[in-house]
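Below, read A as the first sequence line, B as the second, and so on, with proteins coming before strands; counting in each chain starts at 1.
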Protein chains: 2
Amino acid sequence: MSTLPGRRRGPSKGDRRERAILETARALLARKPLADITIDELAAGAEISRSSFYFYFDSKIAVVVALLHDMSGDLGRDSGPWLDGSGPDAESLRAALTALAVLWRDQSRLLAGALAAAPGCPPIAQWRAGLRAAHVQRLAARIERDRAAGLAPAGPGARVLAGLIDDLRAAAFAGAEDPEALVGDLVTVELRMIYGNFGDHHPAG
Amino acid sequence: MSTLPGRRRGPSKGDRRERAILETARALLARKPLADITIDELAAGAEISRSSFYFYFDSKIAVVVALLHDMSGDLGRDSGPWLDGSGPDAESLRAALTALAVLWRDQSRLLAGALAAAPGCPPIAQWRAGLRAAHVQRLAARIERDRAAGLAPAGPGARVLAGLIDDLRAAAFAGAEDPEALVGDLVTVELRMIYGNFGDHHPAG
DNA sequence: GACTTTTTCGACGTACTGTCGAAAATCCAC
DNA sequence: GTGGATTTTCGACAGTACGTCGAAAAAGTC
């Protein structure tokens, strides 16, 4: 699964190195964009030679994919109540968006780099497509439920609408210097996209 | 302005070459992504050596910027009626979005490549920022006008809302295989973002 | 036909990527 | 602990693409 060419089994010295590479990548991503990071740096950070790097990962992208996978779990965190609920529930939506915004704040370069690299890089594109599909799937189901219940007006196909909402989130967070500051407005906008202004609320602060 | 290092004036042989480079770039972008295009190919297409390429452009990016500038005029085309009008006018919005979708259909690789390269590439980032600012400016003004006139409900700051709409367009068109198919749904969604469902309309087909 | 400007290109230096094969370190059974 | 297998390391090499320099050829000017 995770593109490791050489190793067979056994948590040995190599494991420490692999983790060191990942940690180095994280550290470097905290202060420079993905495109500016070279394999030399990754190897140096893990205190191995550049050639040795290739024993652990096939490429810089493979490292990124590993980091992304580590994060996948967190990405949908706190979205359950919103996605499984019904009606224009601003609070559960706000919780979902806040969790996402915090993640973007902490990992913006990793996420931005991944999004930028996705076209033209199948493994990353697949990762993104998987997350997107999962979100669209659940959100579209929620929209259909609400429409059937008369809570939401008809409109674009539920999957299309859900896709637009997913796109909007990614674009908005990717472009923002302070993602958390956007949460309130995104709540309003997403609710309007789904409910019109059935559910308009008055954001506090 | 357009980063031309060598030439002084006079429409000479060099002009043909410069145009040849741009045409080659256009042609290549029609069938492969920007990242896969090399300066060798650009030079070969214009029938000059790679070194000669640098006489005309500073880099591949400079070529892209030139192409983008050629296109800037078309980007806002047919948006006037929508941006200068008032109220939930689905038809003028549809016209604006259709023109944009057609542009995306024809130049998707150039635009997608530019958007992907923008972070980490100041000249392209500036181009994008300029367009975005212009759009946000006019759209925000329109929103404020409508709110003052009681045509649109209060909500996120007009500039923020306009920014989200601009982001949504870029993300939606960038991700779509058939941008024109999205226009109808985008009309609905943008109107809802601004007006709630004050202005819900019934899209035909 | 000299003189200037424009245009061309080969040679060079750099940065980064990825592969190969041999050696060193480590592990494991006996 | 020693011998053979496995894991890990790295130097050397080959490839690709970028961007610069300076000298020369081509074109334009008087």
Measure from OH on A:Y54 to P on D:dT9 and round the result to the nearest Å.
16 Å
For DNA chain C, the residues among residues 32-43 of chain A that have a non-hydrogen atom under 4.0 Å from it
A:T38, A:I39
Which atom names give the shortest non-hydrogen contact between B:R145 and B:L83, and what distance separates them?
NH2-O, 3.4 Å
Mind checking the CG-CH2 spacing from B:L97 to B:W82? Nearest 0.5 Å is all I need.
8.5 Å
Check whether any side-chain nitrogen or oxygen of B:R17 sits under 4.0 Å from OP1 or OP2 of C:dT8, and answer yes or no.
yes
Can you check the A:F53 CZ to C:dT17 C1' distance for me, whole Å?
11 Å
Pairs satisfying side chain to side chain donor-acceptor pair (under 3.5 Å), at least one member in residues 102-122 of chain A, at least two apart:
A:R105-A:E180
Let me check the geometry of the helix from C:dG1-D:dC30 to C:dC30-D:dG1. What is the bend angle between the axes at its two ends, five pairs each, to 10°?
0°
Going by salt bridge (charged side-chain N to carboxylate O under 4.0 Å, His left out), name the residues that satisfy it together with A:R138, two or more places apart in sequence or in a different chain.
A:D84
A:D58 CG - C:dT17 P separation (whole Å):
14 Å
Side-chain donor/acceptor of A:T98 to backbone N/O of A:R94, under 3.5 Å
yes
Are B:R17 and B:E47 ion-paired here, with the side-chain N under 4.0 Å from a carboxylate O?
no
Using a strict 4.0 Å threshold on nitrogen-to-oxygen distance, state whether A:E144 and A:R147 make a salt bridge.
no
Length of the line joining B:I48:CD1 and C:dG10:P, which is rounded to integer Å
12 Å
Any protein N or O atoms within reach of nucleotides 11-15 of chain D? Criterion: under 3.5 Å, listing atom names and distances.
residue : atom : partner : partner atom : Å
D:dG11  : N7   : A:S51   : OG           : 3.1
D:dG11  : O6   : A:S51   : OG           : 2.9

Atom pair CD1 (A:I37) and CD1 (A:I39), whose distance is rounded to the nearest 0.5 Å:
11.5 Å
Interatomic distance where NZ belongs to A:K60 and P belongs to C:dC16 [whole Å]:
10 Å
From CG of A:D15 across to P of C:dT26 the rounded distance in Å is 15 Å
Whole angstroms only, please: what is the CZ-C1' distance between B:R16 and C:dT7?
12 Å
Considering residues at least two apart in sequence or located in another chain, which fulfil the salt bridge (charged side-chain N to carboxylate O under 4.0 Å, His left out) criterion with B:R132?
B:D167
Taking only side-chain nitrogens and oxygens of B:Y56, does any of them come within less than 4.0 Å of OP1 or OP2 of C:dT8?
yes
Distance col, row A:L28:CG vs A:E41:CD, nearest 0.5 angstrom, shows 5.5 Å
Taken to the nearest whole Å, CZ/A:F55 to C1'/C:dA22 is 15 Å
Could you check whether B:T188 and B:D185, counting side-chain N and O atoms only, form a donor-acceptor pair closer than 3.5 Å?
no
